[in-house]
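Below is one structure, written out as structure tokens; comments come after it.
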Amino acid sequence: MVDGFHTRSLHAGQEPDETTGARAPPIYQTTSYAFGDADRAADLYALEADGDVYSRISNPTTRILEERLAALEGGVAAVATASGMAALDSATSVLASAGDNVVASSDMYGGTATYLTKMATRRGVEIRVVDTLDYDAFADRIDEDTAFVHVETIANPSLKTPDFERLADIAHANAAPLVVDNTFATPYLCRPLEHGADIVWESTTKWIHGSGTTVGGILVDGGTFPWEHADYDELSGENPAFGIDFVERYGEAAFGNAVRQRALRTLGNQQSPFDAWQTIQGLETLPIRMQRHCENARAVAEFLRDHEDVAWVSYPGFEEHPTHANATRYLGSDENGEGASEYGGMVTFGLAAGFEAAKRTCEETDLGSFLANIGDAKTLVIHPASTTHAQLSEEEQRAAGLSPEMVRLSVGIEDEADVIADLDRAIGAATQRTQRVSGGDAKGGDSE
């Protein structure tokens with residue numbers, strides 16, 4: 001029996017190969033699978049039998065990743081996708097129809113906001129954005145046409161953590177599932193399914209893989225939502241494509257199988273065998289890396305809090321963070337709920353010299369890489385207002401928890417002293433340059 005998180009990250013979903021004895025997962029780089037006979041082929045296509053047909057739908061290597069992440073998240077099934085956004089699109093495609101709505105927290109990744117407001121709306125799905133911590137607003141906006149409620153475990157970039165259990169109760173009272181983006185926490189720090197969430201998705205590109213080489217996503221089915229008692233025609237009743245009832249056929253794993261057959265099979269947004277294999281390699285060291293990310297992030301946050309050129313620092317581990325209590329309650333590697341909490345590897349901060357200084361700080365770092373990613377083993381830095389959230393208006397940016405002078409820092413696993421020295425030099429150089437250009441009249445930015 002595989003029990004501990006560290007053990008599951010290494011062993012879940014895979015045994016040594018029975019034929020060759022190979023211990024490492026093999027890469028099944030194949031498009032298709034031979035049928036034993038015509039009846040077997042017909043049964044597979046009718047979903048009357050389980051097995052691999054085509055790697056757009058399922059693949060043995062990808063299945064190892066899916067089963068391992070399902071085990072780590074505490075789900076009953078998982079589907080690996082080509083990216084995190086493909087995971088969100090797959091969930092939306094199965095759950096939401098024209099005329100439905102999605103109620104989403106305002107603190108969210110810019111790509112998620114753009115997808116919901118600029119793509120889902122083209123399909124006739126209304127998006128209702130509410131303040132992340134306004135639970136009465138969630139209750140007011142959720143109705144009988146709500147396909148799902150969406151929040152992030154640690155919001156990008158505000159780093160807010162909602163009260164999952166309270167939000168789940170509100171969603172379930174209206175027969176709507178709670179869908180959580182767990183990318184910033186990973187299952188090492190938080191397993192939202194244990195706190196009332198019904199579906200979890202992540203960009204495996206980030207901490208799950210951890211090396212900045214492989215794009216991917218995962219969608220995990222918690223197996224607890226009563227689809228048969230809600231209005232979801234893809235899951236309960238006669239399926240539009242297959243004519244079967246997915247709840248009757250697959251039981252608690254109905255959602256995961258519906259995503260596989262109705263999203264991956266139709267949209268082609270599956271994760272490739274090679275990319276899945278690459279992600280499995282990173283997943284094996286997730287617990288060790290996350291521990292170091294968390295330790296370094298705290299050290300960096302404490303340094304920045306005392307820096308004369310920094311106007312403010314946002315870090316969930318600080319008592320003054322608006323959701324410190326929620327983060328302390330829901331985040332942490334101890335599966336028994338005991339011991340010290342850990343608050344993730346992200347820190348955001350604002351430059352006292354404002355917008356231009358924030359951009360220039362990203363240009364000045366040497367150790368920290370200025371690029372659009374998070375969760376790499378290396379430290380990464382970016383200016384959200386001009387990059388990741390640039391498609392949003394300033395009002396929308398502020399609603400999402402970011403301001404013009406904000407710098408987003410994904411703290412790596414280097415020696416903490418080196419990360420701090422690099423930031424100290426970069427902040428100083430950027431501030432001085434900004435003040436020279438403005439004639440010494442640069443004003444401080446907005447503070448949190």
Side-chain angles (χ1 to χ4, degrees), residues 79 81 84-109 111-132 134-152 162 164 167-181 192 196-201 217 219-247 250 254-267 269 396:
V79 179
T81 57
M85 296 308 300
L88 176 60
D89 182 57
S90 296
T92 305
S93 297
V94 168
L95 296 178
S97 301
D100 289 342
N101 65 76
V102 172
V103 179
S105 63
S106 57
D107 293 88
M108 62 177 133
Y109 165 54
T112 299
T114 300
Y115 169 81
L116 292 175
T117 60
K118 302 297 191 294
M119 180 56 72
T121 52
R122 288 176 59 85
R123 301 173 182 173
V125 179
E126 179 190 359
I127 307 305
R128 301 175 178 180
V129 179
V130 300
D131 185 280
T132 303
D134 191 342
Y135 302 101
D136 289 338
F138 275 101
D140 289 341
R141 300 295 281 161
I142 300 169
D143 60 25
E144 61 183 9
D145 294 321
T146 299
F148 61 91
V149 178
H150 185 271
V151 294
E152 298 180 3
F164 297 113
L167 202 50
D169 287 343
I170 294 170
H172 295 161
N174 292 273
L178 176 60
V179 178
V180 178
D181 176 358
D198 303 288
I199 297 163
V200 164
W201 69 276
L219 192 57
V220 183
D221 182 357
T224 56
F225 192 81
W227 305 108
E228 67 274 20
H229 298 306
D231 185 20
Y232 292 94
D233 61 353
E234 289 286 354
L235 292 148
S236 181
E238 185 174 318
N239 185 272
F242 291 96
I244 67 169
D245 187 311
F246 270 71
V247 172
Y250 295 105
F255 175 76
N257 280 278
V259 167
R260 185 175 304 284
Q261 300 298 337
R262 294 291 285 135
L264 263 62
R265 187 171 191 154
T266 303
L267 302 175
N269 52 11
E396 289 172 327

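Index from 1, following the sequence.
Using a 4.5 Å heavy-atom cutoff, the side chains of Thr224 and Asp198 are in contact. At least one side-chain heavy atom of Pro240 sits less than 4.5 Å from a side-chain heavy atom of Asp233. Between Pro177 and Phe255 the shortest side-chain heavy-atom distance does not fall below 4.5 Å. Counting heavy atoms from C-beta outward, Leu178 and Val151 have side chains that approach closer than 4.5 Å.
Here the OG1-CZ distance, from Thr121 to Arg123, works out to 10.0 Å after rounding to the nearest 0.5 Å. Note: Thr112 OG1 to Leu116 CG = 6.5 Å, rounded to the nearest 0.5 Å. Put simply, CG on Asn269 and CG on Leu88 are 11.0 Å apart, with the number rounded to the nearest 0.5 Å. Note: Ile199 CD1 to Phe148 CZ = 8.0 Å, rounded to the nearest 0.5 Å.
Side chain to side chain, Glu144 and Asn174 fail the donor-acceptor criterion of an N or O pair below 3.5 Å.
For Asp100 (side chain) and Ser97 (main-chain N/O), a donor-acceptor pair under 3.5 Å exists by modelled atom type. Checking side-chain atoms of Glu152 against main-chain N and O of Tyr109 turns up a donor-acceptor pair under 3.5 Å. Tyr232 places no side-chain N or O within 3.5 Å of a backbone atom of Gly237 that could act as its donor or acceptor partner. With Ser93 contributing its side chain and Ala263 its backbone, the two residues share no donor-acceptor pair below 3.5 Å.
For Val125, the side-chain contact (heavy atoms from CB on, under 4.5 Å) test picks out Ala96, Val102, Ala120, Ile127, with sequence neighbours left out. Every residue two or more places apart in sequence or in another chain that forms a side-chain hydrogen bond (donor to acceptor under 3.5 Å, both in side chains) with Asp181 is listed here: Thr183. Applying the side-chain contact (heavy atoms from CB on, under 4.5 Å) rule to Asp143 yields the partners Asn101, Arg128, Asp145, Thr146; only residues at least two apart in sequence or on another chain are considered.
In terms of heavy-atom proximity, Asp221 sits nearest to Gly256 at OD2-N, 3.0 Å. When all heavy atoms are compared, the tightest approach of Ala171 to Val149 is CB-CG2, 3.9 Å. For Leu219 against Ala87, the heavy-atom pair with the smallest separation is CD2-O, 3.7 Å. Between Val180 and Ala197, the shortest heavy-atom contact is CG2-CB, 3.7 Å. Closest of all the heavy-atom pairs between Leu235 and Leu95 is CD1-CD2, 4.0 Å. Between Ala104 and Met108, the closest heavy-atom pair is CB-CE, 4.1 Å.
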Before giving the answer on side chain to side chain contact (heavy atoms under 4.5 Å, CB included), spell out for Asn257 and Arg262 the whole-Å C-alpha distance, their side-chain angles and the decisive distance to 0.1 Å. CA-CA 8 Å; Asn257 280 278; Arg262 294 291 285 135; over 6 Å; no
For a side chain to side chain contact (heavy atoms under 4.5 Å, CB included) check, start with the C-alpha distance between Leu264 and Ser90, then their side-chain angles and the critical distance, and finish with the verdict. CA-CA 7 Å; Leu264 263 62; Ser90 296; 4.2 Å; yes
Could you go through the side chain to side chain contact (heavy atoms under 4.5 Å, CB included) check for Val79 and Trp201 one step at a time? CA-CA 9 Å; Val79 179; Trp201 69 276; over 6 Å; no
Evaluate Thr92 against Tyr115 for side chain to side chain contact (heavy atoms under 4.5 Å, CB included), listing each step before the verdict. CA-CA 10 Å; Thr92 305; Tyr115 169 81; 3.4 Å; yes
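Electrostatic pairing of Arg141 and Asp136 does not count as a salt bridge here, judged by no charged N lying under 4.0 Å from a carboxylate O.
No more than 12 heavy atoms of other residues, nucleotides or ligands lie within 6.0 Å of CG in Asp231, so this atom counts as exposed by the packing criterion.
In this pair, Phe246 and Tyr250 present their aromatic rings tilted. The plane angle is within the 30 to 60° band.
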